[in-house]
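Beneath this line is the structure, given in structure tokens, with notes to follow.
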Number of protein chains: 2
Amino acid sequence: MALVGRHLNKIDKKGRVSIPKPFRTAMIAEGYSGVYIFPSFKAQALEGSGEVFIQRLTDSLEDNFDLFSDDQEDLASITLERTHQLPFDPEGRVSLPLELRQHTGLVNEALFVGRGSRFRIWVPEVYELYAASQLDRAKARGATLPLSPSKPDRGA
Amino acid sequence: MALVGRHLNKIDKKGRVSIPKPFRTAMIAEGYSGVYIFPSFKAQALEGSGEVFIQRLTDSLEDNFDLFSDDQEDLASITLERTHQLPFDPEGRVSLPLELRQHTGLVNEALFVGRGSRFRIWVPEVYELYAASQLDRAKARGATLPLSPSKPDRGA
DNA sequence: GGTCTATATGGGATACTATGGGAACAGATG
DNA sequence: CATCTGTTCCCATAGTATCCCATATAGACC
């Protein structure tokens, strides 16, 4: 199930935040009742994903078990090392560690933005700025989105 | 379950240290209630893994499975010879042998860093330096996340 | 417009993890 | 055979994170 749309939720005193129901459902479908969250390199936001994506990263480190590392390995390891595994509580919330909240400046509200297989978590105001600049850029370029051929069923 | 994130634990006078709960759970799931630890050649750290990885190393030596190249096979034998099998105590701790502590300079604190299927144990300060340079390099290259195709289910 | 259901939210009570230290044990040594 | 040394087990504790229950809200449905 693709992750789409924007969802604005509150962060309580304990640092807990509800994962939007559709996202939550998709994560659970991947096999783990929780989410994996890590700081984004490119944006001032958090990156959220499910079991499948993390497994991909793991696989890229798995096979050639040492000696020579390539760029991808480095990136995979950096990502994994900064990832937090956050299980859902009975109400479908997770508690965001301080480290992650500080990375983006999250305090009272968290804006969840679907990006297909993953999602991002933004400070609402920061997202507005980002989204506006993105739209401008797209218009300026007259952006067209190249569509890749549909893939065989990946299950899940 | 993938091993991710960083966990800072203390080493007591007796040389004992708690294995982070999520790591511990993953190790036990592989069939042995403890961890296998050996010095890393690439980093000034210890390398930790569970039954599965050690079994793979063993297999690559016994049969001529083409899991690893010749070089790596040599490496496997060296690795196994330096590996310590450390069982969990009732509280989920292991006692790090002096040899391993000295290899990395571990004294009071141990930083556990998840890398997917395995983890590393660092002196916190040493890791900070390593991680910082690692991140700089990644940014300098223009970080893109590795998205190798997802693999078919490998079970468990 | 009113009611109903489900998601999102708040907060107190509870359970668990990490940690420290003493006691019981086992092997080594003289 | 007694003693010594280094482990492993057992118990106690602090601090934190999780669970549980109550409530607010939003949207769907009559």
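Quantities reported herein were computed from a predicted structural model and do not represent experimental measurements. Reminder, nothing fancy here: chain letters follow the sequence lines and each chain counts from 1.
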Can you tell me the distance, in whole Å, between the CG atom of B:Asn9 and the P atom of C:dC16?
19 Å
Measure CZ/A:Arg24 against P/C:dA6 and give the value in whole Å, please.
13 Å
Where the side chain of A:Asp89 is concerned, which of C:dG11, D:dC10, D:dC19 is the nearest nucleotide?
D:dC19
Distance check: side-chain N/O of B:Lys13 vs OP1/OP2 of C:dG21, anything under 4.0 Å?
yes
Atom CG of B:Leu98 and atom C1' of D:dT5 are separated, to the nearest Å, by 15 Å
Measure from CD1 on A:Ile28 to P on C:dT7 and round the result to the nearest Å.
11 Å
How far apart are the C-alpha atoms of A:Tyr127 and A:Val113, what are their side-chain angles, what is the distance that settles it, and do they pass the side chain to side chain contact (heavy atoms under 4.5 Å, CB included) test?
CA-CA 9 Å; A:Tyr127 175 76; A:Val113 182; 3.8 Å; yes
To the side chain of B:Lys21, which of C:dG20, C:dG10, C:dA18 is closest?
C:dA18
Out of C:dG10, D:dC9, C:dT19, which has the shortest distance to the side chain of A:Asp12?
C:dG10
For B:Ile19 and for B:Lys14, find the nucleotide of DNA chain C with the closest heavy atom, then tell me which residue's nucleotide is more 5'.
B:Ile19
Roughly, in whole Å, what's the span from CD in B:Gln85 to C1' in D:dT7?
16 Å
Atom pair distance, as rounded to whole Å: CG in A:Leu8 and P in C:dT9:
8 Å
Between CZ of B:Phe112 and P of C:dT17 the distance, given in whole Å, is 16 Å
Is B:Arg6 salt-bridged to A:Glu99, going by a charged N under 4.0 Å from an acidic O?
yes
Do we get A:Arg120 above A:Phe112's six-membered ring, with its NZ or CZ under 6.0 Å from the centre and within 45° of the axis?
no
Go through the side-chain N and O atoms of B:Tyr32 and B:Gln55 and say whether any donor and acceptor fall under 3.5 Å apart.
no
Between C:dT9, C:dG20, D:dC20, which one does the side chain of A:Pro90 approach most closely?
D:dC20
Sub-6.0 Å ring centroid separation between A:Phe119 and A:His7:
no
From the set D:dC11, C:dT9, C:dG22, return the single nucleotide nearest to any side-chain atom of B:Glu91.
D:dC11
Closest to the A:Ser95 side chain: C:dG20, D:dT18, D:dC19?
D:dT18
If I take atom CZ in residue B:Arg93 and atom P in nucleotide D:dC10, what distance separates them, rounded to the nearest angstrom?
12 Å
Identify whether any heavy atom of A:Leu86 sits under 4.0 Å from a base atom; if not, whether one sits that close to sugar-phosphate; answer base, sugar-phosphate or nothing.
nothing
Among C:dA23, C:dT17, C:dT19, which nucleotide has an atom closest to any side-chain atom of B:Ser18?
C:dT19
